[in-house]
Amino acid sequence: MDYTQSQARAIATIDRNLQIIACAGSGKTQVISRRIVKILESKKDSGIKPANIVAFTFTEKAAGELKDRIQRLCFEHLGTDEGLAELYVGTIHAYCLNLLQQPPVYHYLKYSVLTEVQQRLLIDRNSKKSGLTETPLLDGRTLTRWVDSRVYQTLLSVLEEGGVKARTVPTAVREAAEKYRGLLDEKRYLDYSGMLSRAVAEVKSNRKLREKIKNSVRYLVVDEYQDVNPLQEALIREIADLGANLCVVGDDDQTIYQWRGSDVQNIITFADRYPRVKTERLNENFRSSKGIVFTARQVVEQNPDRLSKKMESTDAQPFERGDILALQFADIHKEARWIARKIEWLKGAKYRDQQDKPARGLTYSDMAILVRAWKDAAPIVEALRDAEVPYLGGGMKSLFDTAEVQAIREVFYFLASHTPSGCSATSAVSLRKSLGEGFPGLRKEDISAGLKFLQGIRKRIPLGNDNQLFLQRVYLDLLEALSVREERVGTKGRTGEVIFFNLGKFSQLISDFERIHFHSSPDSLYPNFAGFLEHQAADYYPEETEETAHARPDAVMVMTVHQAKGMQWPAVFVPCLRANRFPSRRQGGRTIWNIIPEKAVPNADRYKGTKEDERRLFYVALTRAEKYLFCSWAPIPDNQQQRRVSEFFTDLTQSEFVLGTDPSRLPPRLKPQARVADSPLPITFSELRYFFQCPYDFKLRFLYGFDSPVNRALGFGKSLHDALCEIHAESIRGNVPSIADVPNLVQNHLHLPFANEEVRKNSVRGAEKALRQYLKKHGEHLTRLEHAEKTIELKLAEGIVVSGRIDLIRRTDTNEIAIVDFKSGEDTQPQEMTRLQLQVYAAGYQKATGKDADLVEIHNLEVGHIHREQVKESVIQSTLSRVVDAGKQIRDLNLPKHAKWCDACHSCDMVGICRTKPVSV
DNA sequence: GGCTCACTCTTGGTG
DNA sequence: AGAGTGAGCC
């Protein structure tokens with residue numbers, strides 16, 4: 001591969017701090033990947049290993065791509081990728097969580113991550129303890145439960161991540177936020193801000209952790225640096241101050257997440273804030289035609305306060321007149337229909353991905369429609385559907401608009417005897433009707449069986465606690481009673497697959513609610529849940545953006561400009577360029593500025609969204625296009641705000657490359673053929689485990705989102721595991737724990753969020769016994785440990801990447817290497833599965849260290865039993881080919897049910913929505 | 001040119 | 001909720 005001079009200089013700069021200003025399409029991923037491999041190459045003799053390099057990306061997806069690129073280059077230049085699993089490539093959040101949940105920090109092992117939905121549920125459930133209703137507005141009123149919880153969430157994250165000076169915030173607001181943080185600690189939760197802020201606090205104050213980072217992190221690379229917020233910058237600063245060489249990569253013109261706290265000042269002032277900074281500008285665009293480059297540049301150059309630079313074209317695509325259009329239509333439907341027609345026109349158009357490569361015909365997946373707001377997608381999606389153009393995304397259907405979810409919602413109204421305002425009470429009769437509409441295909445008898453089941457449950461609710469009354473239990477049992485099966489329900493327009501997808505989403509919703517409200521008794525839990533369903537849920541779970549996580553069908557992408565960050569297509573549509581839409585108008589309502597003064601937040605403007613911010617966003621949209629760029633607009637006459645043209649549209653017409661009417665000359669045709677994009681498929685071992693037990697169970701859980709009912713003892717196995725992690729890690733550091741330490745270990749690690757007093761007591765006893773027994777039997781082994789919690793990553797054929805973590809690697813008395821996995825009574829996993837897992841780990845160990853393992857061991861902690869066997873190369877090979885086959889099946893969504901009732905069905909939580917129990921069992 | 005009043009209402013990653 | 005916008009009026 002040839003590099004430009006500035007690319008080559010950036011790659012070669014490894015002994016100074018480096019700032020790379022990378023224009024759109026300038027090949028920055030290639031450059032930072034190559035630079036990382038260069039570091040490994042040239043610093044090998046001074047002992048630099050992959051584990052000494054850390055790279056932060058903005059998303060997990062970007063991390064996957066970067067990792068893949070680094071690995072390819074590693075093979076190319078070093079001939080091996082040994083140890084590469086220890087080169088951290090990932091988000092700042094995941095890195096922080098790792099810091100908090102790995103030795104020498106043990107405190108956060110028992111914490112779990114709170115999503116935004118769960119955070120909001122927690123705040124509302126504990127409206128006083130979370131500080132919500134004690135937060136004063138600047139005008140003297142206070143925030144209200146339910147109504148203001150979202151603003152409160154925003155406030156909390158701005159206070160934590162926005163670089164806010166504490167003394168400029170009203171005292172009562174500060175105290176409220178502290179109460180919230182106290183609540184999180186009490187419940188052992190980390191929210192997304194907490195992950196970062198706790199990690200920064202630990203790095204600042206924990207001597208052992210500082211030592212660890214100082215010794216391990218020698219090079220830090222930060223991608224998308226323009227979107228880093230003040231708290232993230234604080235972490236970067238700490239790591240750099242501990243001696244890491246720093247390389248930041250970004251483009252100030254592509255800052256689009258300022259409303260979430262990104263501070264573009266970080267990149268603008270980087271060279272002034274860090275010592276010995278070399279700045280390299282990557283100006284050449286290797287993605288787009290000169291028409292696109294020139295047009296986009298002309299747009300963004302209207303912004304003041306940019307870093308000086310000039311994006312230049314390399315004529316990556318030929319420009320032909322008519323490639324770039326700016327069109328006006330009479331109404332939105334004409335606009336949408338034109339787009340659908342143009343897509344068919346583009347299909348099969350002759351195209352070269354690179355000018356020295358053979359041509360192919362464009363297909364649907366080469367095109368994207370980028371909108372400013374989801375609302376705009378609806379009429380376009382409608383036109384695509386009418387024209388039978390396959391599309392992905394833009395799924396505008398709200399979960400609660402579907403008949404199946406409405407029926408389930410009524411079920412819970414019925415159970416709680418809840419009458420939603422403006423409706424009549426839910427009766428058995430009306431329920432029968434809704435269930436019939438929600439689940440077409442069910443017989444009358446099925447629905448009667450379901451109703452009978454529900455009436456039984458309704459009678460038990462006032463009687464109090466009962467494991468059969470857990471919401472998720474009742475939900476799954478109801479579906480079983482109704483004999484709901486994917487292949488039994490649905491009509492032509494609404495397939496069983498779609499219905500199950502929505503039911504799976506609802507299962508997740510139940511999980512979210514139930515985990516936060518777990519300790520309510522049924523007679524308050526059910527009414528609360530009904531109230532939540534009536535008032536909040538639709539708002540908390542807005543619309544379904546179909547995530548077909550594993551599949552890659554040939555379809556046009558419909559998405560927002562924000563989501564399109566980092567992607568590119570041969571053809572891009574940017575419709576709906578109306579005034580007040582793009583640039584978008586600021587929203588009113590109660591905001592954080594009613595709670596804290598603007599001067600409390602540095603660069604407070606960034607949260608508000610300015611015209612410059614919108615222009616950057618527009619620039620991002622334009623630069624996604626390689627060759628074809630079709631911008632358009634149409635007035636919406638009955639919307640006073642949106643009947644005029646966007647000024648951005650007018651700006652476009654200034655470019656000489658833009659035509660105002662569609663010449664519609666037909667380009668030469670070729671057979672449509674998808675671009676060979678071999679994106680890696682990452683799978684974790686725990687996902688794989690579900691797949692091997694039953695592919696359909698995997699589908700229900702990971703494709704549809706069904707969740708198991710909670711178990712009171714949940715967390716016991718994890719707690720034991722955490723305690724062992726400390727025992728092993730400390731042993732490696734030379735502090736082998738003794739039996740006298742057991743009560744403390746249990747005290748520190750045992751966390752059972754759903755236990756009652758009885759379960760808790762038994763668990764303490766069980767955990768102490770297991771640990772004592774372990775230390776007694778294996779205490780002398782603890783001086784011969786190699787690694788605890790070693791991450792492995794196996795790149796297999798077909799781009800399948802399996803990752804997992806080895807509990808323990810130890811050296812035996814006979815000086816063999818043993819890979820150890822610990823099980824507790826909670827694990828119902830068959831031994832066969834564990835052996836499979838260990839063979840994968842043995843292969844991973846070999847990959848990571850270049851050394852072979854001799855033995856694999858399974859320790860059952862509660863029983864004290866050990867299963868040991870020798871590692872055999874032939875067995876590993878056949879295991880790995882089974883894993884590759886599994887990966888292929890997952891990629892093709894080939895996830896069938898077992899042919900008949902079998903061992904896996906016995907222990908399966910989902911069997912009730914899969915098949916009927918045979919009478920003989 | 002300035003004032004009033006009716007109308008409208010975004011973006012989403014992170015384990 | 002309440003801020004920003006734009007039509008209509010003087």
Side-chain angles (χ1 to χ4, degrees), chain A residues 56-63 90-101 108-109 111-119 137-139 141 143-144 147-148 150-151 153-154 157 160-161 189-197 199 223-224 227-229 231-232 235 255-262 370-377 393 541-543 545 547 559-566 576 578-595 606-611 613-614 616-618 620-621 635-644 682 684 686 803:
Chain A
F56 290 152
T57 58
F58 192 67
T59 61
E60 274 305 318
K61 186 164 167 284
T91 63
I92 298 190
H93 283 88
Y95 185 79
C96 286
L97 194 64
N98 285 344
L99 284 186
L100 293 173
Q101 300 197 319
Y108 292 99
L109 279 170
Y111 279 58
S112 56
V113 174
L114 205 59
T115 63
E116 259 177 63
V117 172
Q118 293 166 331
Q119 181 192 31
L137 290 156
L138 289 170
D139 66 10
R141 291 178 293 171
L143 295 184
T144 312
V147 180
D148 294 318
R150 174 158 287 167
V151 193
Q153 283 182 294
T154 311
S157 102
E160 193 112 343
E161 302 190 42
Y189 284 129
L190 283 168
D191 62 14
Y192 289 125
S193 304
M195 264 183 245
L196 302 179
S197 67
D223 194 12
E224 306 280 12
D227 275 326
V228 156
N229 71 30
L231 183 58
Q232 293 167 332
L235 180 78
T255 312
I256 58 171
Y257 281 105
Q258 63 299 115
W259 47 275
R260 257 178 21 209
S262 307
L370 308 183
V371 292
R372 175 64 183 86
W374 273 119
K375 229 182 151 189
D376 291 334
Y541 299 84
E543 70 276 331
T545 314
E547 301 157 59
M559 60 167 88
T560 65
V561 184
H562 283 93
Q563 292 175 315
K565 178 186 184 136
C576 308
R578 302 182 298 269
N580 292 319
R581 169 59 83 208
F582 202 176
S584 168
R585 223 191 63 223
R586 286 193 206 175
Q587 212 186 5
R590 184 169 282 175
T591 65
I592 58 166
W593 309 117
N594 299 97
I595 308 171
R606 70 183 194 269
Y607 285 102
K608 297 187 147 181
T610 60
K611 188 185 286 177
D613 294 327
E614 293 288 309
R616 278 189 278 270
L617 189 59
F618 188 52
V620 167
I636 303 180
D638 46 5
N639 183 327
Q640 181 191 262
Q641 313 271 345
Q642 298 190 23
R643 44 180 103 144
R644 292 180 315 116
T684 64
S686 50
S803 56

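To find a chain, count down the sequence lines: A is the first, B the second, and so on, and within it residues start at 1.
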Any base atoms under 4.0 Å from [X], or only sugar-phosphate, or nothing? Heavy atoms, all strands.
{"X": "A:D613", "value": "nothing"}
{"X": "A:R260", "value": "base"}
{"X": "A:T115", "value": "base"}

Checklist entry - Taking for each residue the nucleotide of DNA chain C bearing the nearest heavy atom, is the 5' side occupied by A:R643 or by A:N594? => result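 Nearest-nucleotide comparison on DNA chain C picks A:N594.
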Respond yes when some side-chain nitrogen or oxygen of [X] is under 4.0 Å from OP1 or OP2 of [N], and no when none is.
{"X": "A:N580", "N": "C:dG6", "result": "yes"}
{"X": "A:W593", "N": "C:dG2", "result": "no"}
{"X": "A:T560", "N": "B:dG12", "result": "yes"}
{"X": "A:T91", "N": "B:dG15", "result": "yes"}
{"X": "A:N639", "N": "B:dC9", "result": "yes"}

May I have the distance from [X] (atom [atom1]) to [N] (atom [atom2]), rounded to whole angstrom?
{"X": "A:E161", "N": "B:dG12", "atom1": "CD", "atom2": "P", "value": "18 Å"}
{"X": "A:D139", "N": "C:dA1", "atom1": "CG", "atom2": "P", "value": "13 Å"}
{"X": "A:F56", "N": "B:dT14", "atom1": "CZ", "atom2": "C1'", "value": "13 Å"}
{"X": "A:I256", "N": "B:dG13", "atom1": "CD1", "atom2": "C1'", "value": "11 Å"}
{"X": "A:D376", "N": "B:dT11", "atom1": "CG", "atom2": "P", "value": "9 Å"}
{"X": "A:K608", "N": "C:dG2", "atom1": "NZ", "atom2": "C1'", "value": "13 Å"}
{"X": "A:D191", "N": "B:dT14", "atom1": "CG", "atom2": "P", "value": "16 Å"}
{"X": "A:Q119", "N": "B:dT14", "atom1": "CD", "atom2": "P", "value": "17 Å"}

Next on the checklist: Any salt bridge linking A:K565 with A:E224? Criterion: basic side-chain nitrogen under 4.0 Å from a carboxylate oxygen.
Outcome noted: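 Yes, charged N to carboxylate O under 4.0 Å.
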Item to check | Sidechain N-carboxylate O distance under 4.0 Å for A:D376, A:R578 | outcome: yes
Next on the checklist: Can you say whether a donor on the side chain of A:R585 sits under 3.5 Å from an acceptor on the base of B:dT8, or the other way round?
Outcome noted: yes
Checklist entry - Mind checking the P distance from C:dA1 to B:dG12? Whole angstroms is fine. => result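 Rounded to whole Å, the distance is 25 Å.
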Checklist entry - When the C1' atoms of B:dT10 and C:dA3 are considered, how many whole Å apart are they? => result 14 Å
Checklist entry - Regarding A:Q153 and A:E116, is there a side-chain donor-to-acceptor distance under 3.5 Å anywhere? => result no
Item to check | Test item: side-chain donor near acceptor, A:T115 and A:Q118, under 3.5 Å | outcome: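 Their side chains do contain a donor-acceptor pair, which is all the 3.5 Å distance test asks for.
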Next on the checklist: Is there aromatic stacking of A:W259 on B:dT11 here, judged by a ring-centre distance under 5.5 Å and a plane angle under 30°?
Outcome noted: yes
Selected nucleotide, minimal atom distance to [X] side chain, candidates [options]:
{"X": "A:R372", "options": "B:dG12, B:dT10, B:dG15", "result": "B:dT10"}
{"X": "A:E116", "options": "B:dG15, B:dT10, B:dG13", "result": "B:dG13"}
{"X": "A:Q640", "options": "B:dG12, B:dC9, C:dA7", "result": "C:dA7"}
{"X": "A:A373", "options": "B:dT11, B:dG12, B:dT14", "result": "B:dT11"}

Item to check | Partner nucleotide, any strand, of B:dT10 [Watson-Crick/G-U, under 3.5 Å] | outcome: none
Checklist entry - For the ring pair A:F582 and A:F618, is the centre-to-centre distance below 6.0 Å? => result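 Yes, the ring of A:F582 comes within the 6.0 Å limit of the ring of A:F618, centre to centre.
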Checklist entry - Between A:H562 and A:Y257, how do the two ring planes meet: parallel, tilted or perpendicular, split at 30° and 60°? => result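 The rings of A:H562 and A:Y257 sit tilted, inter-plane angle from 30° to 60°.
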